[in-house]
Amino acid sequence: MNGAPHIGAGFTFIRGDVYARFKRMQGFNVLFPQAFHATGEPIVGAVKRLEKGDKSQEQAFKIYGASEKNLKDFVKKGPKFVAKFWKKRWIEDLQATGLSIDWRRTFITTSMTPTYSRFVEWQYNTLKARGYVTQGTHPVVWCPKCRSPTGDHDRLEGVGESPTEYIIIKFKLTSGEMLPCATLRPETMYGATNIWIDPDVEYVRAEVNGEKWILSKTAVKKLKDQLKEIKIIDKVKGSELIGKACENPVTKTKIPVLPAKFCDTEIATGIVVSVPSHAPYDWIGLEELKADKAQQKKYNIEKIVRAVEPISIIATEGFGEHPAKEICEKLGIKTQKDADKLEKATESLYKKEFHTGTCKKNCGRYAGMKVSEIKEILVEDFTDEGIADKFWETTATVVCRCKTKCHIKILENQWFLKYSDPKWKEQTKKWIRKMKFYPEDARKQFDSTVDWLHDKACTRRSGLGTPLPWDKEWIVGTLSDSTIYMAYYTLAKTLNEKKGKIKAEQLTDEVFDYIFFGKGDAAKLAKSSRLDKKIIEELRNEFDYFYPVDMRTSGKDLVQNHLTFFIFHHIAMWDDQERWPRSIGVNGYVNVAGEKMSKSKGNFRPLRDLVKKYGADLVRINIVASNENMDDADWRDESVQTYNSRINYLFELASELKKAKGKGRKEGEGKTAQNRNIEMYMESRLQELIKSVTDSYEQMKFRSAAQSTLFGLTNELKAYIDRMGGVANCNKNILAQVVEAVIKLIAPLMPHIAEELWASMNKKSFVSIEKWPVAQVEKINKKIMQLEDTYKKTREDIKQVAKLAKADNHLCLYFATDEELEYFRASMENLKKLGFKKISVFKSTDPKAYDPQDKAERAKFGRPGIFIE
RNA sequence: GCCGGAGUGGCGGAAUGGGUAGACGCAGUGGACUUAAAAUCCACUGGAUAGUUAUAUCCGUGCCGGUUCGAGUCCGGCCUCCGGCACCA
């Protein structure tokens with residue numbers, strides 16, 4: 001609720017409306033509701049930015065039509081006012097767009113509607129009691145100054161970066177102190193030849209969970225937030241450690257500490273283990289050190305350096321003994337200062353070795369195994385042996401809006417939804433197999449989302465929302481408080497009507513259990529909650545009548561979160577699968593003329609502006625018919641005109657309808673065989689199209705529905721009128737039947753225009769509540785359709801031939817079947833309009849036929865022979 | 001990087017239990033009507049060559065390879081774009 005609807009949101013909502021209207025016409029009692037989600041940070045953040053005079057935030061609100069005065073009010077009256085302000089605008093705009101929403105059921109989440117908050121509390125109490133909510137630790141990107149998690153929107157730098165886990169391998173100096181080396185490739189420890197330390201950096205000695213570690217100062221700060229007991233003892237200069245020996249805990253061999261400049265104290269512990277055979281940085285570092293006699297002499301490590309030799313431990317196809325060496329040579333890397341190239345080399349070698357590499361004989365118990373297969377086991381093994389530990393780091397630098405550099409903090413006491421629960425997952429997956437998805441492609445996405453989903457943090461510390469009932473310091477997260485809100489719609493009408501009379505606290509967990517689960521006794525609950533028994537029963541009945549959700553439709557970005565959670569939570573809350581969701585519709589985003597809509601580009605389209613410019617119906621059909629799969633839809637101003645001209649045609653036709661003479665159906669009575677044929681054809685086509693359009697609506701394929709109706713059916717209508725020689729010669733009953741069907745078939749898409757057309761045909765009812773046409777399949781005459789199609793096609797061919805032959809004297813047609821001969825004879829009047837002086841028709845087998853070029857023998861069913869002279 | 005989806009004319013996009021690629025619409029070109037314009041109507045419209053007929057031949061669905069009598073569709077390997085990746089909603 002930090003703006004009014006734009007055409008993108010409009011797309012999703014109009015699709016819902018079209019479907020609701022379609023179902024209503026099919027005779028269903030449709031509950032089509034709309035509520036407003038005002039939880040979390042966005043509005044709070046927007047108001048804060050307004051307070052600071054943020055121009056782009058002002059602009060964002062102004063695009064949707066907020067005035068200067070409104071903006072002042074936003075700051076003065078705060079986030080809840082902003083939410084209510086935009087809620088009002090939303091309702092106005094959606095009404096102007098003709099959305100048939102039951103506004104009696106609207107509400108605004110969560111804390112702004114205390115009864116809804118109560119509903120969230122009931123849900124979480126229930127989930128907790130059933131074991132779906134647990135508490136645990138959780139790494140987050142953390143700003144030490146703000147003392148809060150730093151979401152993407154709170155970042156100056158590092159949008160999209162997330163926590164990643166380094167493995168610390170503890171190398172032991174002879175003094176017993178540990179050199180904790182952080183690595184993403186613990187499997188390479190078998191090839192470690194030395195430790196790198198920056199001689200010019202000041203490290204610290206610290207007591208970490210009872211052990212003595214040497215590490216960078218920054219690392220100490222970070223580890224304090226990662227559940228480590230840590231105390232700094234004193235400082236130690238890097239140079240003091242150079243030349244010392246330590247034990248590789250994996251191989252138990254002794255390796256030396258050597259100097260290098262690429263040890264970044266901002267990353268992990270600031271101490272690096274060197275695997276020159278497989279790490280480009282280490283290879284170059286060692287090469288340079290071996291060449292740098294002065295440096296060796298400075299630290300008195302000549303002998304030690306000479307003894308260091310790369311150890312090859314991974315065999316990878318396409319590489320020899322020392323892959324790091326090869327890749328450095330290939331990319332022309334000569335110095336450790338060539339950071340860009342080194343990063344690239346490291347990345348590509350890592351990938352290659354991880355996916356295709358095999359451990360050589362010198363890799364202990366992992367010898368002969370694939371790198372990709374051992375990684376996880378190895379980390380577990382090392383951790384069990386007490387030689388490894390973890391260090392969380394951001395995937396790249398993250399800077400908070402307050403300009404402070406962020407690191408990873410492991411949050412304790414965070415509440416989680418246990419989406420990892422195998423039983424819950426299995427139930428959800430099973431149900432996904434039974435549900436319907438539009439388009440069908442979406443099913444796979446839901447299925448794989450369930451697969452990778454693991455425990456999800458469901459509470460947060462700040463923003464609008466409902467406090468967790470048993471731990472009020474936390475607020476239920478914005479995704480987690482809106483999983484089963486559809487159930488609340490069934491109550492919302494009654495709760496809104498009785499506003500003030502029903503207090504949130506009267507809706508106890510037991511009352512909700514009764515309403516939603518049918519558990520308990522209404523009379524007893526009435527007593528304990530002091531609610532009217534009738535009201536309790538009314539709420540129960542409303543829920544019982546409407547539930548489950550038959551259709552939920554939303555944007556594709558919500559598949560991997562909201563929409564999947566929606567399925568999960570219904571399964572967790574209701575034992576009875578009769579209450580579980582039946583189908584989900586998914587649509588793409590909306591581009592404007594092929595480009596992403598953006599406030600700064602100037603191609604931003606608030607729904608209100610478009611409706612003002614084009615009227616609701618043209619906006620509706622222009623966006624809804626622009627696309628019907630999960631790809632992005634496209635708003636194009638110029639295509640509005642196309643629909644407009646079709647509508648004009650329908651209005652003209654409706655007004656001309658009375659000119660039709662309305663002849664009877666039987667031959668004789670002034671009706672020719674030709675007319676009877678064409679009428680049968682028109683009726684067949686109509687029924688066929690009713691069937692396919694209904695199927696399209698059913699599957700939310702509104703583009704196909706609009707196309708078949710507005711272009712397919714009206715094209716047939718035009719052809720019919722043309723073939724009959726104008727409206728006046730048409731059968732009034734047939735014409736009216738087709739036009740009425742067209743109006744009904746477009747009614748869900750263009751409700752206002754449909755009503756207007758309906759009225760112009762002297763109908764007294766509303767078409768929006770008329771019966772949806774049901775295809776009369778028995779009226780579809782395949783033979784006639786085939787013959788008429790042959791006729792149309794042949795007529796085109798004749799024109800083509802006449803053009804190439806440059807002749808119009810004598811047209812001869814040869815037919816393979818009597819049916820065709822008959823049909824064409826009946827259509828002679830129409831055929832004559834082609835302008836030939838003489839027309840002859842023959843059976844192809846007729847020996848007496850005039851056939852100078854032997855065209856008769858080439859005639860096939862559906863393809864008569866043509867000769868023109 | 002990981003998971004999922006997609007890539008077809010000038011454009012939006014049809015067609016996938018393998019079987020005539022380009023339905024329908026837009027734009028474009030030519031013509032009719034009009035003093036003119038708009039609107040409307042008719043014809044053409046992936047590329048190339050040939051043609052007194054209804055066509056014929058070849059090339060064409062992101063790239064490379066494969067399976068098959070036959071591949072937009074299936075398989076393997078890439079490239080590009082979109083969505084999600086968890087304290088943004």
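In what follows, chains carry the letters A, B, and so on, assigned in the order in which the sequence lines appear, proteins first and then strands, with residues in each chain numbered from 1.
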Pick base, sugar-phosphate or nothing for [X], based on heavy-atom distances below 4.0 Å to the nucleic acid.
X        : result
A:Tyr649 : nothing
A:Lys409 : nothing
A:Ile798 : nothing
A:Ile868 : nothing
A:Ser639 : nothing
A:Gly588 : nothing
A:Gly40  : sugar-phosphate
A:Asn715 : sugar-phosphate
A:Asp451 : nothing
A:Gln707 : base
A:His37  : sugar-phosphate
A:Lys596 : sugar-phosphate
A:Ser645 : sugar-phosphate

Practice problem: Indicate, with yes or no, if the rings of A:Tyr485 and A:His37 have centres closer together than 6.0 Å. | Solution: no

Self-check item: Validation row, ring centre A:Phe11 to ring centre A:Tyr589 under 6.0 Å
Solution: no

In this structure, how many angstroms lie between the [atom2] atom of [N] and the [atom1] atom of [X], rounded?
X        : N      : atom1 : atom2 : answer
A:Asp637 : B:rC26 : CG    : P     : 16 Å
A:Lys444 : B:rU16 : NZ    : P     : 18 Å
A:Arg636 : B:rG25 : CZ    : C1'   : 12 Å
A:Asn627 : B:rG12 : CG    : C1'   : 9 Å
A:Gln445 : B:rC3  : CD    : C1'   : 9 Å
A:Asp441 : B:rU73 : CG    : P     : 16 Å
A:Asp631 : B:rG7  : CG    : P     : 7 Å
A:Phe867 : B:rU52 : CZ    : C1'   : 9 Å

I'd like to know if [X] and [Y] make a salt bridge, using a cut-off of under 4.0 Å between side-chain N and carboxylate O.
X        : Y        : result
A:Arg460 : A:Asp481 : no
A:Asp447 : A:Arg433 : no
A:Arg685 : A:Asp789 : yes

For [N] versus [M], give the span between their [atom1] atoms, rounded off to a whole number of Å.
N      : M      : atom1 : result
B:rU34 : B:rC41 : C1'   : 13 Å
B:rG47 : B:rU8  : C1'   : 15 Å
B:rG51 : B:rU57 : C1'   : 12 Å
B:rC75 : B:rG7  : P     : 14 Å
B:rG31 : B:rG46 : C1'   : 24 Å
B:rG62 : B:rG13 : P     : 15 Å
B:rC42 : B:rA48 : C1'   : 28 Å
B:rA36 : B:rA56 : C1'   : 46 Å

Any side-chain N or O of [X] under 4.0 Å from OP1/OP2 of [N]?
X        : N      : result
A:Ser704 : B:rA14 : no
A:Tyr589 : B:rG84 : yes
A:Lys718 : B:rC41 : yes
A:Arg646 : B:rC26 : no
A:Asn629 : B:rA14 : yes

Candidates [options] - which lies nearest the side chain of [X]:
X        : options                : answer
A:Arg703 : B:rG84, B:rG13, B:rC24 : B:rG13
A:Ile866 : B:rA89, B:rG84, B:rA54 : B:rA54
A:Leu558 : B:rG84, B:rC24, B:rA89 : B:rA89
A:Thr478 : B:rA89, B:rG25, B:rG83 : B:rA89
A:Asp557 : B:rG83, B:rC26, B:rC24 : B:rG83
A:Asp632 : B:rG83, B:rC82, B:rC24 : B:rC82

Practice problem: Given side chain to side chain contact (heavy atoms under 4.5 Å, CB included), test A:Asn627 with A:Asn629 step by step and report yes or no. | Solution: CA-CA 6 Å; A:Asn627 177 290; A:Asn629 54 31; 3.4 Å; yes

Quiz prompt | Syn/anti state for B:rG62 [syn: chi within 90° of 0] | solution = anti

Answer yes if the side chains of [X] and [Y] hold a donor-acceptor pair under 3.5 Å, and no otherwise.
X        : Y        : value
A:Glu820 : A:Thr790 : no
A:Ser639 : A:Asn622 : yes
A:Thr395 : A:Glu161 : yes
A:Tyr823 : A:Glu788 : yes
A:Arg646 : A:Thr714 : yes

Quiz item: Can you find a donor-acceptor pair, distance only, under 3.5 Å between A:Asn561 side chain and B:rA89 base?
Solution: yes

Quiz item: Using the ring of each side chain (for Trp, its six-membered ring), is A:Tyr643 parallel, tilted or perpendicular to A:Phe711, with breaks at 30° and 60°?
Solution: tilted

Self-check item: Base-paired stems that RNA chain B participates in, counting runs of 3 or more Watson-Crick or G-U pairs under 3.5 Å
Solution: B:1-7 with B:79-85, B:10-12 with B:24-26, B:28-32 with B:40-44, B:46-50 with B:55-59, B:62-66 with B:74-78

Exercise. Name the residue closer to the 5' end of RNA chain B, choosing between A:Arg460 and A:Pro163 according to the nucleotide with the nearest heavy atom.
Key: A:Pro163

Self-check item: 5' precedence on RNA chain B between A:Asp634 and A:Glu638 (nearest-nucleotide basis)
Solution: A:Asp634

